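Below: the structure, in structure tokens.
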Amino acid sequence: MLQKLDLAAIAESIATPYRPVPLVSFGAIEASLVVCGGSKKWQRSAQRDELLIVLEGHVTIQGNTQRVIANEGDVANIPSSITMAWWSGMRSIAVLCQERDRPFNANGYHGAPTTDRELASRTEFAARVRSNAAYDWLRLGRVGGYVASAARLTGPSQPFVSPPGSLLVLVFRGILDVGAESVDSADGADGAEPDTIVGSQLLVVPAGRRIRMASERGATVLVIARQGAPLPRAAIRADAMPPDAVDAASAVDAVDASSGVDAIDAVDKTDAADTPDAAESRDNIDTPDDGNAPAEPDDRSGPG
């Protein structure tokens, strides 16, 4: 079952700014929705590495000596052990991805250093992916063993199986069609749970679920998946065509190919044929160098 969340509708129900509202937890991370704005600042400290994805407006993050202004369509990387202040001059909406709390020193995990680190630079993912090819994924940052990547999706994708730990799909702008399929079905196309995801909506795809993505006019999409997991790729021509059309095209190609081979063989056979009539015809052709040409008159036999 795919889970779809309308972030714009959830944000409308949030009355108090700077209070993260949990959206979904998967793997080792948790995604929350944050509304920023007003005259007050949010003083906080990051216990783990974080990613801030700004959907609307802009958010200013002031660290020890460095300030980062994350605008709409930006991702800000926030290292752990940063004491900072957040604020915004307008009502802004952002998704905050954090590593879930774990006991210190458990399973070899050690707490973050206590010294302050500087803020990392932001990435303008919405602007950068527009100049890239479709399904050319731009890496944005890592948190809790998961990696955030963004791409401009146009046209259909190849069938894609969600990696372990689930897959988070966030549509920043545009319209994305997502069709879920059963991995166990023989033809892989049971037509289950087709859905349309629009801007500022979030889709959670459980691990092992096979899906197809498609966008007719293009969509700016951000995904969060386990580090090292493959990401959706553009469909090849056979995937984009209906099975009947693929079979018909293959049959036409096969006929054309066989016809071409027969024609070539026919030409070779015609050239290679050496019948008695053909040989005799060649011998009867009079050429200057041919021994069958008539003898020329001897000029020396004339008078004088």
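This structure is a prediction, so every number in the text was calculated from the model and none was measured.
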What's the separation between atom CD in E56 and atom CZ in F172, rounded to the nearest 0.5 Å? 8.5 Å
Please say yes or no: joined through hydrophobic side-chain contacts below 4.5 Å, possibly via intermediate residues, are V34 and F125 part of one cluster? no
Determine whether Q201 and V171 make a side-chain contact, defined as any pair of heavy atoms from C-beta on separated by less than 4.5 Å. no
Any chain of hydrophobic side-chain contacts (each under 4.5 Å) joining V223 to V75? no
Nearest heavy-atom pair of A234 and Q158: which atoms, and what distance? O-NE2, 3.1 Å
Any side-chain heavy atom of V169 sitting closer than 4.5 Å to one from I197? no
Got a second to check how far E99's CD is from Q47's CD, nearest 0.5 Å? 11.5 Å
Side-chain contact, heavy-atom cut-off 4.5 Å: R100 with E30? yes
Side chains of R142 and D49, heavy atoms from C-beta outward: is any pair under 4.5 Å? no
Which residue pairs pass the ring pair (Phe, Tyr, Trp, His ring centres under 6.0 Å) test with at least one member in residues 129-163, sequence neighbours excluded? F26-Y146
Determine, using the 4.5 Å side-chain heavy-atom cutoff (strictly less than), whether V68 and L55 are members of one ILVMFWY cluster. no
Counting only heavy atoms not in I10 (residues, nucleotides, ligands), do more than 12 fall under 6.0 Å from its CD1? yes
What heavy-atom pair brings L33 and A11 nearest, and what distance separates the two atoms? CD2-N, 3.7 Å
Can you confirm whether more than 12 heavy atoms, excluding those of Q66, are under 6.0 Å from its CD atom? yes
Using the side chain to side chain contact (heavy atoms under 4.5 Å, CB included) criterion, which residues pair with S162? Sequence neighbours excluded. L167, V205
Is it true that L51 and M84 fall in one hydrophobic cluster, defined by side-chain heavy atoms closer than 4.5 Å? no
Check against side chain to side chain contact (heavy atoms under 4.5 Å, CB included), R152 and R130: CA-CA 6 Å; R152 182 75 177 171; R130 282 188 168 272; 3.8 Å; yes
Rounded to the nearest 0.5 Å, the CZ atom of R122 sits from the CG atom of N77 at a distance of 12.0 Å
Determine which pairs satisfy side chain to side chain donor-acceptor pair (under 3.5 Å) with at least one residue from residues 35-46, sequence neighbours left out, and list them in order. R44-E50
So do P156 and R212 actually touch side chain to side chain, heavy atoms under 4.5 Å? no
Less than 4.5 Å apart, any side-chain heavy atom of L168 and any of V204? yes
Which atoms form the tightest heavy-atom contact between I224 and C97, and what is the distance? CD1-SG, 3.5 Å
Let me confirm one number: the CG-CD1 distance from L222 to I53, rounded to the nearest 0.5 Å. 4.5 Å
Hydrophobic cluster membership, with links at side-chain heavy-atom distances under 4.5 Å among I/L/V/M/F/W/Y: are V95 and I69 in one? no
Using only atom types and a distance under 3.5 Å, with no angle test, would you say the side chain of S88 pairs donor to acceptor with the backbone of H58? yes
Could you please spell out the steps behind the salt bridge (charged side-chain N to carboxylate O under 4.0 Å, His left out) verdict for R173 and E72? CA-CA 11 Å; R173 291 291 185 270; E72 184 175 295; 2.8 Å; yes
Under 4.5 Å between any side-chain heavy atoms of W86 and V59, yes or no? yes
Can you give me the closest heavy-atom contact between D136 and A151, atom names plus distance? O-CB, 3.7 Å
Considering all heavy atoms of both residues, which atom of L52 and which atom of A94 are nearest to each other, and what is their separation? CD1-CB, 3.6 Å
Side chains of R139 and S149 only: does a donor on one sit below 3.5 Å from an acceptor on the other? no
Spacing of L2 atom CG and I211 atom CD1 [to the nearest 0.5 Å]: 7.5 Å
Would you say V35 and R91 make side-chain contact, with heavy atoms under 4.5 Å? yes
Give me the atom names and distance for the closest heavy-atom approach of A207 to S166. N-OG, 3.6 Å
Rounded to the nearest 0.5 Å, what's the gap from CZ on R19 to CD1 on I14? Could you check? 11.0 Å
